[in-house]
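Here is the structure we will look at, set down as structure tokens.
For ligands, and for the atoms within them, numbers begin at 1 and follow the listed sequence.
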Amino acid sequence: MSDQRKDEPQRGVALKTRDKQKSKRPRMYRVLLHNDDYTPMEFVVRLLQTVFHHGESMAQQIMLHVHNSGVGVAGVFTHEIAETKVAQTHMLARQNESPLMASMEPEDDPDAES
Ligand code: TYC
């Protein structure tokens, strides 16, 4: 017999099984809008309607929340979609010569053991 032991898997041969199952629930990210003193309220409301697909009344509520408390959640998305929303927000803000800021932060890991 060679030095390869019969009862051990061969070294260097990848196992086909995954030791960690990929989550069916992706990590989700909050897109945050930040208050500033220059961006018109109507612009923020329109952005919340067009980019984040809120109705007029919800868009007004979110804008006022950001205006009054400094920051607020525009929506919750997967990483790629959240990045796109942040980029679209900054692009529209720049076109409007507005300093409006958006950012994103992860929600809690859906697979975290509690
Ligand atoms: N504070 C701005 C104003 O008084 C309105 C505003 C709301 C700006 C939300 C940014 O994310 C924002 N015109």
Which residues satisfy the side chain to side chain donor-acceptor pair (under 3.5 Å) test with H79, sequence neighbours excluded? none
Please confirm whether the backbone N or O of L92 pairs with a side-chain atom of N96, one donor and one acceptor, at under 3.5 Å? no
How would you list, by chain and number, every residue that makes a salt bridge (Lys or Arg N to Asp or Glu O under 4.0 Å) with R30, sequence neighbours excluded? E105, E107
Nearest 0.5 Å, what's the OG1-CZ distance between T89 and R94? 12.0 Å
State which residues pass salt bridge (Lys or Arg N to Asp or Glu O under 4.0 Å) with D111; sequence neighbours excluded, sorted by chain then number. R25
Identify all N/O pairs between ligand 1 and the protein with a separation under 3.5 Å and present them as a table of atom names and distances.
| residue | atom | partner | partner atom | Å |
| --- | --- | --- | --- | --- |
| ligand 1 | 1 (N) | N35 | OD1 | 2.8 |
| ligand 1 | 1 (N) | D36 | O | 2.7 |
| ligand 1 | 1 (N) | H67 | ND1 | 2.9 |
| ligand 1 | 4 (O) | H67 | ND1 | 3.3 |
| ligand 1 | 11 (O) | H34 | O | 2.9 |
| ligand 1 | 13 (N) | T39 | O | 2.9 |

Under the 3.5 angstrom rule, does the side chain of T84 hit a backbone N or O of E80 as a donor-acceptor pair? yes
